[in-house]
There are 2 protein chains.
Amino acid sequence: MLSYTEENYLKALLKLSFQNEEKPEAGTNEMAAYLGVKPATATDMLKKLKEKDLVTYKKYGKILLTDTGKKNGIAILRKHRLWETFLYEKLDFSWDEVHEVAEQLEHIQSAKLVDKLEEFLDFPEFDPHGDPIPKANGEMPVIAKTLLAELKAGDTCSVAAVKDTSTLFLQYLEKLQITIGTKIKIIEVIDFDGSLYVGIAGGEPRSVSMKFAESLFVQKLL
Amino acid sequence: MLSYTEENYLKALLKLSFQNEEKPEAGTNEMAAYLGVKPATATDMLKKLKEKDLVTYKKYGKILLTDTGKKNGIAILRKHRLWETFLYEKLDFSWDEVHEVAEQLEHIQSAKLVDKLEEFLDFPEFDPHGDPIPKANGEMPVIAKTLLAELKAGDTCSVAAVKDTSTLFLQYLEKLQITIGTKIKIIEVIDFDGSLYVGIAGGEPRSVSMKFAESLFVQKLL
DNA sequence: TATAAAAGTTAGATTAATCTAACAAATATT
DNA sequence: AATATTTGTTAGATTAATCTAACTTTTATA
Ligand SMILES: [Mn+2]
Ligand SMILES: [Mn+2]
Ligand SMILES: [Mn+2]
Ligand SMILES: [Mn+2]
């Protein structure tokens, strides 16, 4: 049985492994920063996780999830995203509110609960932020991720996921009536500052910053 | 903010206060036994709860919830029973499976979650075991509780709640196709051992033990 | 009422998770 | 290569929740 805290370390390592593309390893300070603890604390926990064969770790070295560690991490991510979907779809939470509560719900231990919840939600593929929900067997679709910022004038796309999940960004998106699936057309790319002039389905054309364009994953449409 | 453990002590004290009819106080050993800890552990925690003004307690004395303590305890009971109802109604858990998971879910912190959950469940009044669900304001209907064992030959009743919530009893009830609301008619009372010969709506007449009859709360029908 | 039993407390130890402060190793920069 | 910076570790302390073993108070019983 893993403690609440151990689970958080595994999930953090998994998330970091997605972030550092192609390099699924992390450092002590990186982990500590991500989890909001001091490096000394992370060092201790990493030793413990190594004892339990959940990570590979040696002094001053990089940290990597073992197969068991990864399996456990994915199970927690699966619960997190299923609960986010539940809160969003069934309880009318907005997409900037779901994460905090899911951080707690993801630690509930009950295999039956997860699977029944998934069934109740009709086997959703993505969570409210557009992130893929791992299946019971651990499979998780890896979607090619294109940033809005990578598109050119004339391109059209559909919003696939948010890269930045901060409340500020999510609420701004809501204000612009942008949600997962919203169609966006790039009217013009402003070279001066990397901002974009875009048409958002059903709204007036408007300008969005480069920071904005780098925070949104889209699927390019033909 | 209360810890998971503190919450459990408050809920335990509340439950004990319902059990000891008319005497809403509990003793240290009683609390410890109920929570599955040693008396020494309970003593320490009670001192802590007293510091936080959640219980009234003095050395070698009985323990009583303060108003704040009671309010908190009821809030946890409310969550517990709402989650049990969710698991039973929406996720097809059987009534002997819901408790264990609700023990975990009751500690999730989010006022919005509880209230939305209640709304989603259409403001249920009773949980799957027939126990009343406290309202958001702390109100909880106090239902007159009659045991099946108190009835006489010729009486008819409707099952209101289970007194014993053990898996063994709940599964036995399921086997007999008895659930909340099931009508039962007392055909004969066997004085020798207190057992009852009863007719269960839609089934063959059968005999049930005194222990059985003392584990089921019913509402007498006219 | 004296004594035995039950109920409750205290002291001291343990484990998990955290911290700060001091130190050590690895990496980057002149 | 020497030095400075970054990264990571160790030692020692703290807090919450628990335990055991010894002790004290209260209650029951002879
Ligand atoms: Mn999230
Ligand atoms: Mn998400
Ligand atoms: Mn229960
Ligand atoms: Mn119940």
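Protein chains get the first letters and strands the later ones, always in sequence-line order, with residue 1 at the start of each.
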Using a strict cut-off of less than 4.0 Å between a Lys/Arg side-chain nitrogen and an Asp/Glu carboxylate oxygen, indicate whether B:K163 and B:E214 qualify as a salt bridge.
no

Not counting sequence neighbours, which residues clear salt bridge (charged side-chain N to carboxylate O under 4.0 Å, His left out) with A:K79? List them please.
none

Would you mind reading off the distance between B:I63 atom CD1 and C:dA7 atom P, rounded to a whole angstrom?
13 Å

note: B:N29, atom CG; C:dA7, atom P; distance rounded to Å ~ 6 Å

Strictly below 4.0 Å: does [X] bring a side-chain N or O up to OP1 or OP2 of [N]?
X     : N      : value
B:K47 : C:dT10 : yes
A:Y9  : C:dT18 : yes
A:K59 : D:dT7  : no
A:T28 : D:dT9  : yes

Inter- and intrachain pairs under ring-ring contact (aromatic ring centres under 6.0 Å, His included), touching residues 8-38 of chain B, at least two apart
none

Residue pairs involving residues 106-125 of chain A (criterion ring-ring contact (aromatic ring centres under 6.0 Å, His included); sequence neighbours excluded):
A:Y4-A:H107

Expected list for residues 30-44 of chain A near DNA chain D, using heavy atoms below 4.0 Å, is A:P39, A:A40, A:T43

Sequence neighbours left out, what passes ring pair (Phe, Tyr, Trp, His ring centres under 6.0 Å) with A:F192? Give chain and number order.
none

Among residues at least two apart in sequence or on other chains, which ones pass ring pair (Phe, Tyr, Trp, His ring centres under 6.0 Å) with A:F212?
A:F169, A:Y172

